[in-house]
Colleague: 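Dumping the structure here so I can ask a few things about it.
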Amino acid sequence: MHGQFDLTGRTAVVTGGSRGIGRAIAEGLASAGATVVPTARSEDDLAAVVEGIEAEGGDALAVSTDVTDPDSVDALFERVGEAFGGADVVVNNAGVNPAAALGTPERVDAEGFDLVTDVNLRGAFLCARAAAEHLHERGGSVINVASVGGLVGLPRQHPYVASKHGLVGLTKSLALDWAPDVRVNCIAPGYVATDLTDELRANEDLRASIVERTPLDRFADPEEIAGPAVFLASDAASYVTGAILAVDGGWTAR
Ligand SMILES: NC(=O)c1ccc[n+]([C@@H]2O[C@H](COP(=O)([O-])OP(=O)(O)OC[C@H]3O[C@@H](n4cnc5c(N)ncnc54)[C@H](OP(=O)(O)O)[C@@H]3O)[C@@H](O)[C@H]2O)c1
């Protein structure tokens, strides 16, 4: 059974792999044996991730990419092809939810909306498209990191919720088009302790209301999203495609 989770010999690209959930997923995939390509815009953050993985005996290559730029995304997968022959796993994790996109719908301007959908949704599509040839040749898989905001509405987060519902839809439609060669799945995390939720956790009332609404009574650690990603990337999930796996401490069970 243990061998089913072994990712030795596979190459995994993780967007937004420099911090938070993406970093934890990159480290988790590396510890399961994959060669990992963490990617984000900040080269310094990526270098630290690669150093950490190598210190644990893993293999990693940092490639700086902006997922909103199709040329940058194409260059990423060209580099992965040159270095490792191609990608077996693509984790579309890069995501943003900036202040400019928060608040009542009347307050959100078009630029704020575009930024969120460009990173969270269009970026995932561009990466999947750029990796398509590798994934088909190698029988690979895609894992999209959505959110509970991809499953239910959340007030005052309209661009974010729209982008994550879109990512859930993209997961299902890619799964249909690319079966049976390529599996495409989605993880929908609940509230996780990362930079993205710093302000939210600093607001005691908001923090307490989220914890109270979460059956497991706490925010997740980023590492708790890594196990589900290893599962979906591995042969243990060989009959899983088009699935949305909530990793939310029971938040959407209410
Ligand atoms: N934290 C939560 O509670 C939570 C809950 C549900 C879902 N999620 C989702 O999980 C994912 C990761 O969230 P997180 O909390 O780990 O966020 P985070 O700590 O803010 O990290 C975001 C990552 O995305 C990268 N990124 C941002 N814009 C990018 C771009 N244009 N091109 C390439 N990379 C870009 C960032 O690196 P650079 O800035 O260097 O590019 C960073 O590596 C997101 O999709 C988020 O929506 C998070």
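Remember, it's 1-based here, ligands and their atoms both numbered in the order they're listed. No experiment lies behind these values; they were computed from the predicted model shown.
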Colleague: Mind checking the CD-CZ spacing from Glu224 to Arg218? Nearest 0.5 Å is all I need.
Modeller: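 Glu224 CD to Arg218 CZ: 4.0 Å, rounded to 0.5 Å.
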Colleague: Quick one: does Asn185's side chain have a donor or acceptor within less than 3.5 Å of a partner on Gly242's backbone?
Modeller: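 Indeed, once roles are kept as given, a pair shorter than 3.5 Å links the two residues.
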Colleague: Select one of side chain, backbone, both or neither to describe which atoms of Val96 lie under 4.0 Å from any atom of ligand 1, heavy atoms only.
Modeller: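 Within the 4.0 Å criterion, Val96 contacts ligand 1 through side-chain atoms alone.
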Colleague: Within the 4.0 Å heavy-atom shell around Ser18, which atoms of ligand 1 are there?
Modeller: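 Close to Ser18: 37 (O), 42 (C), 43 (O).
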Colleague: Using a strict cut-off of 4.0 Å, indicate which atoms of ligand 1 neighbour a heavy atom of Tyr160.
Modeller: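 Contacts of ligand 1 toward Tyr160, numbered from 1: 6 (C), 7 (C), 8 (N), 9 (C), 46 (C), 47 (O).
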Colleague: Do any N/O atoms on Val192 end up under 3.5 angstrom from N/O atoms on ligand 1?
Modeller: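 Val192 vs ligand 1: N/O contact under 3.5 Å present.
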Colleague: Do Arg183 and Trp178 form a cation-pi contact, if we require the NZ or CZ to be under 6.0 Å from the six-membered ring centre and within 45 degrees of the ring's axis?
Modeller: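 Judged by the rule (NZ or CZ under 6.0 Å from the ring centre, within 45° of its axis), Arg183 is not positioned above Trp178.
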Colleague: Give yes or no for whether the N/O distance cutoff of 3.5 Å, strictly under, is met between Ser42 and ligand 1.
Modeller: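 Among all N and O atoms of Ser42, at least one is under 3.5 Å from an N or O of ligand 1.
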Colleague: Give a yes or no on whether a salt bridge exists between Asp66 and Arg41, defined as a side-chain N under 4.0 angstrom from a carboxylate O.
Modeller: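 Judged by the 4.0 Å cut-off on N to carboxylate O distance, Asp66 and Arg41 do not form a salt bridge.
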Colleague: Does an N or O anywhere in Ile21 fall below 3.5 Å from an N or O of ligand 1?
Modeller: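 Indeed, backbone or side chain, Ile21 has an N or O that close.
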Colleague: Which residue owns the protein heavy atom closest to atom 17 (O) of ligand 1, what's the atom, and how far is it?
Modeller: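 Closest protein heavy atom to atom 17 (O) of ligand 1: Leu196 CB, 3.7 Å.
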Colleague: Using only atom types and a distance under 3.5 Å, with no angle test, would you say the side chain of His134 pairs donor to acceptor with the backbone of Gly86?
Modeller: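 Checked: no pair found.
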Colleague: Taking all non-hydrogen atoms of both residues into account, name the closest pair between Lys164 and Asn120 and its distance.
Modeller: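 Reported closest heavy-atom pair: CE-ND2, 4.0 Å.
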Colleague: For ligand 1, which atoms have a heavy atom of Tyr191 less than 4.0 angstrom away?
Modeller: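 Per the distance check, 3 (O).
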Colleague: To the closest 0.5 Å, what do you measure between OG1 (Thr117) and CZ (Arg122)?
Modeller: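 Result: 9.0 Å between the selected atoms.
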Colleague: Answer yes or no: does an N/O atom from Val67 fall short of 3.5 Å to an N/O atom of ligand 1?
Modeller: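 Yes, at least one N or O pair falls under 3.5 Å.
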Colleague: May I ask you to say whether Asp235 pairs ionically with Arg10, meaning some side-chain N is under 4.0 Å from a carboxylate O?
Modeller: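 Yes, charged N to carboxylate O under 4.0 Å.
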Colleague: Flag Lys164 as yes when one of its N or O atoms lies below 3.5 Å from any N or O atom of ligand 1, and as no otherwise.
Modeller: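 So ligand 1 has an N or O lying under 3.5 Å from an N or O of Lys164.
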Colleague: Of all the non-hydrogen atoms in the protein, which one sits nearest to atom 33 (C) of ligand 1, and at what distance?
Modeller: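 Protein heavy atom at minimum distance: Thr65 O, 3.3 Å.
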Colleague: Return the CZ to CD distance between Arg23 and Glu27, rounded to the nearest 0.5 Å.
Modeller: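 Atom-to-atom, Arg23:CZ and Glu27:CD are 5.0 Å apart.
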Colleague: So if I count the atoms of ligand 1 from 1 in the order they appear, which ones are less than 4.0 Å from some heavy atom of Ser147?
Modeller: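 Selected atoms, number and element: 6 (C), 7 (C).
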Colleague: Is it the case that ligand 1 has an N or O less than 3.5 angstrom from some N or O of Thr194?
Modeller: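 Yes - when backbone and side-chain N and O of Thr194 are compared with those of ligand 1, one distance drops under 3.5 Å.
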Colleague: To check your reading of the model: name the closest protein heavy atom to atom 35 (C) of ligand 1, its residue, and the distance in Å.
Modeller: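 Of the protein heavy atoms, Ala94 CB, 3.8 Å lies nearest.
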Colleague: Roughly how far, to the nearest 0.5 Å, is OG of Ser72 from CG of Asp74?
Modeller: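 If we round to the nearest 0.5 Å, Asp74:CG and Ser72:OG are 9.0 Å apart.
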Colleague: Is the closest heavy-atom distance from Ala146 to ligand 1 below 4.0 Å?
Modeller: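 Ala146: in contact with ligand 1 (<4.0 Å).
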Colleague: Do any nitrogen or oxygen atoms of Gly16 come within less than 3.5 Å of a nitrogen or oxygen of ligand 1?
Modeller: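 Yes: some nitrogen or oxygen of Gly16 is under 3.5 Å from one in ligand 1.
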Colleague: Counting only nitrogen or oxygen atoms and a 3.5 angstrom limit, does Asp45 reach ligand 1?
Modeller: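 Between Asp45 and ligand 1 (N or O atoms, distance only) the closest approach is not under 3.5 Å.
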Colleague: Where do Leu200 and Leu206 come nearest, in terms of heavy atoms and distance?
Modeller: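 For Leu200 and Leu206, the tightest heavy-atom pair comes out as O-CB, 3.9 Å.
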Colleague: May I ask you to check if ligand 1 and Asn120 share an N or O to N or O distance below 3.5 Å?
Modeller: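 Min N/O separation from ligand 1 is not below 3.5 Å for Asn120.
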Colleague: Which of the numbered atoms in ligand 1 are below 4.0 angstrom from a heavy atom of Asp66?
Modeller: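 Checking each atom against Asp66, I get 30 (C), 31 (N), 32 (N).
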Colleague: To which protein heavy atom is atom 5 (C) of ligand 1 closest, and what is the distance rounded to 0.1 Å?
Modeller: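 It is Gly190 O, 2.8 Å.
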Colleague: Using a strict 4.0 Å cut-off to heavy atoms of Asn93, name the atoms of ligand 1 that fall inside it.
Modeller: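 Within the 4.0 Å cut-off of Asn93, ligand 1 contributes 10 (O), 11 (C), 12 (C), 44 (C), 45 (O).
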Colleague: Please say which of Val90, Leu126, Val37, Leu135 ends up in a side-chain contact (heavy atoms from CB on, under 4.5 Å) with Phe77.
Modeller: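 Going through Val90, Leu126, Val37, Leu135 one by one, the side-chain contact (heavy atoms from CB on, under 4.5 Å) with Phe77 is satisfied by Val90 alone.
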Colleague: Looking only at atom types and distance, does a side-chain atom of Asn93 sit under 3.5 Å from a main-chain N or O of Gly16, one as donor and one as acceptor?
Modeller: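 Yes: the side chain of Asn93 pairs with the backbone of Gly16.
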Colleague: Pick whichever of Arg41, Arg201, Arg23 has a heavy atom sitting closest to atom 30 (C) of ligand 1.
Modeller: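 It is Arg41 that holds the nearest heavy atom.
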Colleague: Are Ala193 and ligand 1 in contact, using a heavy-atom cut-off of under 4.0 Å?
Modeller: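 Ala193 does not count as a contact of ligand 1 under the 4.0 Å cut-off.
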Colleague: Quick test: of every protein heavy atom, which one is nearest to atom 21 (O) of ligand 1, and how far off is it to 0.1 Å?
Modeller: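 Atom 21 (O) of ligand 1 sits closest to the protein heavy atom Arg19 NH2, 3.6 Å.
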Colleague: So do the side chains of Ile187 and Ile225 get within less than 4.5 Å of each other, counting heavy atoms only?
Modeller: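 The answer is yes, as the side chains (C-beta and beyond) meet within the 4.5 Å cut-off.
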Colleague: Is Phe219 close enough to touch ligand 1? Criterion: a residue heavy atom under 4.0 Å from a ligand atom.
Modeller: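 No; Phe219 lies far enough from ligand 1 that no heavy-atom distance drops under 4.0 Å.
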Colleague: Under 4.0 Å from a heavy atom of Thr197: give me the atoms of ligand 1 that qualify, with their elements.
Modeller: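 Numbered from 1, ligand 1 contributes 1 (N), 2 (C), 3 (O).
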Colleague: Can a side-chain donor-acceptor contact be found between Ser42 and Asp44 if the only test is distance below 3.5 angstrom?
Modeller: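 The answer is no; no qualifying pair exists.
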Colleague: Donor-acceptor check, side chain of Thr15 to backbone of Ala94, threshold 3.5 angstrom: yes or no?
Modeller: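 Checking the backbone N and O of Ala94 against the side chain of Thr15, a donor-acceptor pair under 3.5 Å is found.
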Colleague: Which of the numbered atoms in ligand 1 are below 4.0 angstrom from a heavy atom of Gly95?
Modeller: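 Under 4.0 Å from Gly95, ligand 1 has these atoms: 22 (C), 24 (O), 44 (C), 45 (O).
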